[in-house]
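Quick caveat: nothing in here was measured; it's all calculated off a predicted structure.
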Amino acid sequence: FWLNRTRLAQAALAYSRQEYVQARQWLALLLPAVNATSLSAEAALQWDLLGQAEARLLRIRVDLAEGDLASARQHAAVLTTLLQGAAPAVEGAPTWPHLQLRLHHLLGKIAYSAGAYAAARDHFKAAITQLEAQRATLLVEEIRSAFVDDKSEPYADLVQTLLVMPAADSTATAAMVAEAFAVVEQSRSRVLLERLQAAVDDSAAGDAPPAATPAAAEQQ
């Protein structure tokens, strides 16, 4: 397990340094050859769904960086099949929502790279919906803010998609720009609202009278 995790970390490091050939070599030790219909029993991560999902998500990013959309689609298809066949952690809950979020985001990037802007917009919106649903389950404002600190990419990609989508007329163009502006405002306003709510809660807690001590209660 830890050998696989170390190789995955080495692949991620190579990707961050734009050493894509090296990243693919590390990932090749973890994943079978691309096959959208079956998984090799000899795959190092055959038994580890989370590890395999993370490896495939990283491989999709490498493929996108290298412009290999065919390989990116194949790995995305395998991961989609894996997640669809996985049992949810809680009955009735979405299956691996944090992985579904990342998969939708990368499916959007694949569609965007192929010029399928409408499909890209739908995937980015699905990723943001998953993101907002997960953030809503966090009760502490500081945790909610930290949760989205490194997850602004889907919002930025959605805005970029809306701004480059071809429009038949000026009215449609204006609608796309308005929607892009709404996405930016939605992201900013929600964070601001949560911070204001936390400030109000803290203020209310500070204004509450202190609980009476036993001695004070007896004097009363």
Side-chain angles (χ1 to χ4, degrees), residues 8 11-20 23-24 27 50 53-84 94-138 144-168 172-194:
L8 183 56
L13 177 60
Y15 169 78
S16 70
R17 299 170 65 174
Q18 300 183 359
E19 298 171 353
Y20 303 129
R24 280 191 285 105
L27 291 171
L50 179 59
E54 291 180 350
R56 289 192 182 277
L57 289 167
L58 180 57
R59 178 55 195 264
I60 294 170
R61 285 190 174 273
V62 173
D63 288 338
L64 285 169
E66 295 184 319
D68 191 347
L69 297 186
S71 177
R73 289 191 184 99
Q74 288 176 309
H75 282 287
V78 173
L79 182 52
T80 298
T81 301
L82 278 174
L83 295 181
Q84 287 176 345
T95 303
W96 298 91
H98 65 297
L99 297 178
Q100 296 280 4
L101 185 166
R102 294 166 64 188
L103 177 58
H104 272 298
H105 180 215
L106 290 181
L107 285 171
K109 294 179 80 69
I110 293 172
Y112 183 92
S113 298
Y117 300 121
R121 177 180 60 179
D122 291 343
H123 283 299
F124 291 143
K125 284 185 174 180
I128 290 172
T129 298
Q130 289 275 5
L131 174 59
E132 297 292 351
Q134 292 176 50
R135 182 168 70 168
T137 65
L138 304 175
R144 287 197 298 266
S145 298
F147 177 73
V148 297
D149 274 348
D150 61 344
K151 297 178 178 65
S152 61
E153 194 177 356
Y155 293 96
D157 287 340
L158 176 57
V159 170
Q160 182 176 359
T161 301
L162 292 169
L163 293 178
V164 302
M165 286 183 70
T173 300
M176 291 297 100
V177 173
E179 186 176 349
F181 182 76
V183 171
V184 175
E185 288 301 305
Q186 173 191 8
S187 175
R188 293 175 55 192
S189 62
R190 181 168 284 107
V191 173
L192 177 60
L193 178 61
E194 290 174 352

Measure up the Tyr112 and Tyr117 rings against each other and bin them: parallel (under 30°), tilted (30 to 60°), perpendicular (over 60°). perpendicular

How long is the span from the CG atom in Leu69 to the CD1 atom in Ile60, to the nearest 0.5 Å? 11.5 Å

Can you confirm whether Leu79 sits close enough to Leu99 that some side-chain heavy atom of one is under 4.5 Å from a side-chain heavy atom of the other? no

Hey, could you give me the CG/NE2 distance between Leu107 and His123, rounded to the nearest 0.5 Å? 4.5 Å

Counting the benzene-type ring for Trp, do His104 and Phe124 have ring centres under 6.0 Å apart? no

Cationic N near anionic O, under 4.0 Å, Glu153 to Arg102: no

Between NZ of Lys109 and CD of Gln160, what distance do you get to the nearest 0.5 Å? 8.0 Å

Rounded to the nearest 0.5 Å, what's the gap from CD on Gln84 to CD on Gln100? Could you check? 8.0 Å

Check Ala180 against Leu163 and note the closest heavy-atom contact, atom names and distance. CB-CD2, 3.9 Å

Test log, rule side chain to side chain contact (heavy atoms under 4.5 Å, CB included), inputs Arg121 and Met176: CA-CA 11 Å; Arg121 177 180 60 179; Met176 291 297 100; 3.6 Å; yes

Are the side chains of Val159 and Phe181 in contact, using a 4.5 Å heavy-atom criterion? no

Salt bridge flag under 4.0 Å for residues Glu179 and Lys125: yes

Could you tell me whether a side-chain N or O of Ser71 sits under 3.5 Å from a main-chain N or O of Asp68, the two making a donor and an acceptor? no

Closest approach of Ala23 to Ala14 (non-hydrogen atoms, all atoms of both residues): N-CB, 3.7 Å

Validation row: Leu101, Glu132 side chains within 4.5 angstrom (heavy atoms): no

Closest heavy-atom pair and its distance - Ser113, Leu64: OG-CD2, 3.9 Å

Can a donor-acceptor pair be found, under 3.5 Å and without considering hydrogens, that links the side chain of Gln134 to the backbone of Pro97? yes

Let me confirm one number: the CH2-CG distance from Trp96 to Leu50, rounded to the nearest 0.5 Å. 5.0 Å

Run Thr80 and Leu103 through side chain to side chain contact (heavy atoms under 4.5 Å, CB included) and show every step you take. CA-CA 8 Å; Thr80 298; Leu103 177 58; 3.5 Å; yes

Report the distance from atom CZ of Arg61 to atom OH of Tyr20, rounding to the nearest 0.5 Å. 10.5 Å

Heavy-atom pair with the smallest gap, counting every atom of Gly108 and Ala120: O-CB, 3.3 Å

